[in-house]
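Note that the structure is a prediction, hence the values are computed from the model and not measured. All values below come from the heavy atoms of this structure, side chains included, with hydrogens, waters and symmetry mates left out.
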Amino acid sequence: MNGWDIKEYFDEIVFESYNLYNFIHSIQYKNKIKNIELELNHNQCNLILNGPSSRDINIDTSLPCFFVNYGFNHQYFKQVKSPILIIIDTKLIRGEWDLSILTEALKANQNVKFIFNYKYLTSKKFLSYVKKVNCLGYINNSRIPTRFNWKRKLEIGKFNFGVGVAEQALSLMGSLGYKKINTYGFDGNNVLLALTGKDTHFYGSDSTKDWSDPRFISRELRFLSYFVDRNYWLSKCLKYNNIKVKNYTSSKMTAMYNER
């Protein structure tokens, strides 16, 4: 075992400690995340993410279509009958994102349904605002997948795998019982794109990120390595649950989800 093997091993022990902390913190909200009010009429669905590769896609709009964060700006968001928008970033309750994005999504498609991070339940401002939209429920899909825990069944209302919104969405769909997930725009290469001056999302780039700051870049590159690693273990978990992920992107960052 070399030095990198030891580092990766202890990294995952730290991640498991975080998982325990997160689980304990979420216990008081157990009844709030026990159910997602969603009728399952198909065994497959579409997940449209925000990577640049989702700009020019063709999807089957008769299938359930899930979007994330600012995905309400996507052309297909307006076209599908009843899009489902997943928002889990705590920027929404820290004031970095304005709650008016919920209204913007509603304007883009009045039939939109929302799924949120259970942590939003701590915000009185959010609880007041969410009454204006159709909320299907809350999830705690933020368990970091590691070599120690990936072999487990995904069940709705449980503490499932995730961290990033794309991973939490995949975990959610697996727990809902979908057996095939068609993913679009799951590029995972926003750091590499930003460093070469290219758009990081289908709608442009995140102006709040300072790619001229060496310390910021260093951290983002570390996060990228963790992103690839945890998606490797999540892909194994999905396979363990007999869920096929069809990944419509040429990015190497998410190649672990290529049809197996």
Tell me, do [X] and [Y] make a side-chain contact under 4.5 Å, heavy atoms counted?
X	Y	value
Gln75	Phe202	no
Leu192	Met253	yes
Pro83	Val112	yes
Val228	Met256	yes
Ser175	Lys158	no
Tyr70	His201	no
Thr254	Asn231	no
Ile86	Asn69	no

Can you tell me how far apart [atom1] ([X]) and [atom2] ([Y]) are? Round to the nearest 0.5 Å.
X	Y	atom1	atom2	answer
Leu172	Asn140	CG	CG	12.0 Å
Tyr178	Phe66	OH	CZ	4.0 Å
Asp229	Leu224	CG	CG	11.0 Å
Tyr18	Glu12	OH	CD	15.5 Å
Asn190	Asp206	CG	CG	9.0 Å
Asn134	Gln110	CG	CD	12.0 Å

Test side-chain contact (heavy atoms from CB on, under 4.5 Å) on Phe161 and Arg230; report intermediate values, then the result. CA-CA 9 Å; Phe161 295 125; Arg230 67 178 183 252; over 6 Å; no
Please report the shortest heavy-atom distance between [X] and [Y], naming the atom on each side.
X	Y	result
Phe126	Leu102	CE1-CD1, 4.4 Å
Trp150	Tyr240	CZ3-CB, 4.0 Å
Ile87	Trp97	CG2-CZ3, 4.2 Å
His74	Ser54	NE2-O, 2.7 Å
Val80	Cys65	CG1-SG, 3.6 Å
Ile36	Ile115	CG2-CD1, 4.1 Å

Is [Y] reachable from [X] through a run of I, L, V, M, F, W or Y residues, each pair having side-chain heavy atoms under 4.5 Å apart?
X	Y	answer
Val130	Tyr118	yes
Leu193	Phe227	no
Val68	Ile139	yes
Val133	Leu99	yes
Ile59	Val245	no

Distance-only, no hydrogens or angles: does the [X] side chain make a donor-acceptor pair with backbone N or O of [Y] under 3.5 Å?
X	Y	answer
Asn182	Asn46	no
Gln44	Ile181	no
Asn141	Glu167	no
Ser123	Tyr120	no
Ser205	Thr200	yes
Asn149	Ile144	yes
Asn111	Lys81	yes
Lys179	Asn241	yes
Asn160	Leu154	no

Tell me whether the centres of the aromatic rings in [X] and [Y] are closer together than 6.0 Å.
X	Y	value
Tyr76	Tyr184	no
Phe186	Tyr257	yes
Phe148	Tyr9	yes

Within 6.0 angstrom of [X] [atom1], more than 12 heavy atoms from elsewhere:
X	atom1	value
Phe23	CZ	no
Lys30	NZ	no
Lys209	NZ	yes
Lys198	NZ	no
Asp210	CG	yes
Lys107	NZ	no

Have [X] and [Y] got a donor and an acceptor in their side chains that come within less than 3.5 Å?
X	Y	answer
Asn247	Thr249	no
Gln79	Thr61	no
Tyr129	Thr103	yes

Chi angles and distances behind the side-chain contact (heavy atoms from CB on, under 4.5 Å) call for Leu170, Leu47: CA-CA 8 Å; Leu170 287 169; Leu47 173 59; 3.9 Å; yes
Would you call the rings of Phe114 and Phe116 parallel, tilted or perpendicular, where under 30° means parallel and over 60° means perpendicular? parallel
If the threshold is 4.0 Å, N to carboxylate O, is there a salt bridge linking Asp199 and Arg55? yes
Does a salt bridge link Glu96 with Arg94, judged by any charged N lying under 4.0 Å from a carboxylate O? yes
Under the side-chain contact (heavy atoms from CB on, under 4.5 Å) rule, what do Thr122 and Tyr29 come out as? Steps first, then yes or no, please. CA-CA 10 Å; Thr122 63; Tyr29 299 102; 3.1 Å; yes
Go through the steps for Phe67 and Asn50 under the test side-chain contact (heavy atoms from CB on, under 4.5 Å), then give the verdict. CA-CA 8 Å; Phe67 299 79; Asn50 297 340; over 6 Å; no
Counterpart residues, side-chain hydrogen bond (donor to acceptor under 3.5 Å, both in side chains), relative to Ser251 (two or more places apart): none
